[in-house]
Amino acid sequence: MSTVLVGILFALAASISWAAGSIALRFGIAGMRILPATAVSLFSGLLYVFIVNLIFDPGAITRVEMGIFLGFAFIGVLQFLGGRALYYRGVALIGVGRATALGGATPIIASILAVVFLGEVVTLPLAIGILAVVTGVAVIVSDNFDTTLAPHQSNLHKFISQSKLGFITIMASSLVYSIAQVLARGLLSGEVSSIAGSLITLGSGSLVLLVATTKDFKANYNVPKNDLLWIFIAGVLASNGAMLSFLSLERAPVVLVSPIIGITPLITLVLAAMFLREREKLTLKVVLGSLVVVAGVTLVVLAK
């Protein structure tokens with residue numbers, strides 16, 4: 001089996017892992033507050049990445065310079081205290097299908113940031129891809145709906161519609177993730193292990209969230225064990241997807257890997273249709289909007 005084919009299979013496995021993680025999140029998020037749920041998922045992901053580090057390169061983290069270490073730590077706080085917490089909030093508000101589809105706009109936001117801060121050029125395919133993603137997002141947002149919220153999750157619902165708040169939350173999450181990607185790109189080099197970088201970011205994010213959510217954990221001592229288990233599984237799957245994406249990029253070019261990773265929203269929709277029928281309804285607008293978003297992301301990737 002060729003190296004490129006192995007990389008493509010890793011990319012497909014990463015998409016499946018991320019999609020399955022979103023489904024697991026949907027099963028567990030209803031019974032927990034957002035920040036404690038985020039902390040649990042980070043802890044499970046940190047444990048998983050730590051074990052992988054011990055198995056494949058136990059000394060990698062000791063070779064990271066202090067400045068780069070602090071840079072990854074800052075990204076961890078930014079990405080997980082902001083990005084993942086906002087995404088979990090969005091899933092609770094609008095469901096996993098819509099949230100994942102809207103989250104597909106992250107590569108577009110990252111491309112815009114790259115144009116502004118890294119001097120990249122806007123080509124015609126890139127412009128068309130951005131327009132397609134914006135159109136797909138607009139179609140999804142135009143779908144009026146309500147999902148069932150736990151009492152502790154609906155305190156802001158009286159000030160703004162649930163669908164609009166969910167849209168704003170997911171877009172804010174995408175912005176935070178995009179900024180983190182731009183910062184991480186400046187830190188990664190051939191001498192820095194991607195897995196070690198993941199361990200540092202997860203560790204810093206987990207530490208900050210643990211401190212920030214101590215009171216919430218005390219208030220949620222009676223959370224059903226099943227909810228905790230689903231959140232734990234979601235964290236492991238999310239971290240597994242990130243590492244699989246690194247492994248795929250080591251073996252196959254970005255132009256092959258990124259479009260495959262970009263189909264994550266479609267895989268999520270398929271899994272949601274199979275396992276979440278009683279929790280959320282996927283409408284034609286959501287499906288069509290997701291297809292347009294994926295097509296737009298593919299155009300953006302190919303344009304690079």
Side-chain angles (χ1 to χ4, degrees), residues 1 4-29 37-38 40-56 76 79-80 83-85 87-88 90-91 95-104 106-107 110 170 173-174 177 180-181 184 193-199 201-202 205-206 228-252 254 256-276 290 293-294 297-298 301:
M1 186 179 294
V4 173
L5 180 57
V6 172
I8 292 174
L9 292 176
F10 272 133
L12 180 59
S15 295
I16 295 173
S17 187
W18 276 322
S22 295
I23 300 300
L25 169 65
R26 187 69 176 104
F27 277 114
I29 198 67
T38 306
V40 170
S41 74
L42 280 179
F43 172 77
S44 63
L46 173 63
L47 179 63
Y48 176 76
V49 173
F50 179 72
I51 292 174
V52 171
N53 268 267
L54 287 179
I55 294 174
F56 293 101
Q79 187 171 3
F80 297 114
R84 188 175 291 194
Y87 177 74
Y88 280 17
V91 169
V96 65
R98 295 173 180 84
T100 305
L102 292 174
T106 299
I170 294 298
S173 171
S174 296
Y177 276 130
Q181 288 175 9
S193 167
S194 298
I195 297 179
S198 299
L199 180 61
T201 56
L202 281 166
S206 300
L228 285 173
L229 178 61
W230 280 118
I231 297 296
F232 188 94
I233 292 172
V236 171
L237 289 171
S239 295
N240 184 59
M243 286 197 299
L244 287 171
S245 69
F246 290 146
L247 290 172
S248 68
L249 288 170
E250 290 176 355
R251 292 164 173 78
V254 174
L256 290 178
V257 171
S258 294
I260 297 173
I261 291 177
I263 68 173
T264 301
L266 295 184
I267 299 176
T268 304
L269 288 176
V270 172
L271 294 178
M274 295 171 59
F275 299 107
L276 297 176
S290 300
V293 168
V294 170
V297 170
T298 302
V301 172

Q. From I233 CD1 over to I23 CD1, what is the distance, rounded to the nearest 0.5 angstrom?
A. 13.0 Å
Q. Taking atom CD1 of I231 and atom CZ of R26, what is their separation to the nearest 0.5 Å?
A. 11.0 Å
Heavy-atom closest contact ([X] atom, [Y] atom, distance):
X	Y	answer
S15	I267	CB-CD1, 3.7 Å
G83	S173	O-OG, 2.9 Å
A20	L271	N-CD1, 3.8 Å
T268	A19	OG1-CB, 3.3 Å
V91	A99	CG2-CB, 3.8 Å
S44	G235	OG-CA, 3.3 Å

Can you name the residues that form a side-chain hydrogen bond (donor to acceptor under 3.5 Å, both in side chains) with [X], not counting sequence neighbours?
X	answer
Y88	S41
N240	S17, Y48
S22	Y87

side-chain contact (heavy atoms from CB on, under 4.5 Å) with [X]: which residues, sequence neighbours excluded?
X	answer
L47	I51, F232
L46	L199, L202, S206
A14	W18, L244, S245

Q: Output yes when a side-chain donor or acceptor of S239 lies under 3.5 Å from a complementary backbone atom of V49, and no otherwise.
A: no
Q: Could you pull out all residues at least two apart from W230 that satisfy ring-ring contact (aromatic ring centres under 6.0 Å, His included)?
A: F27
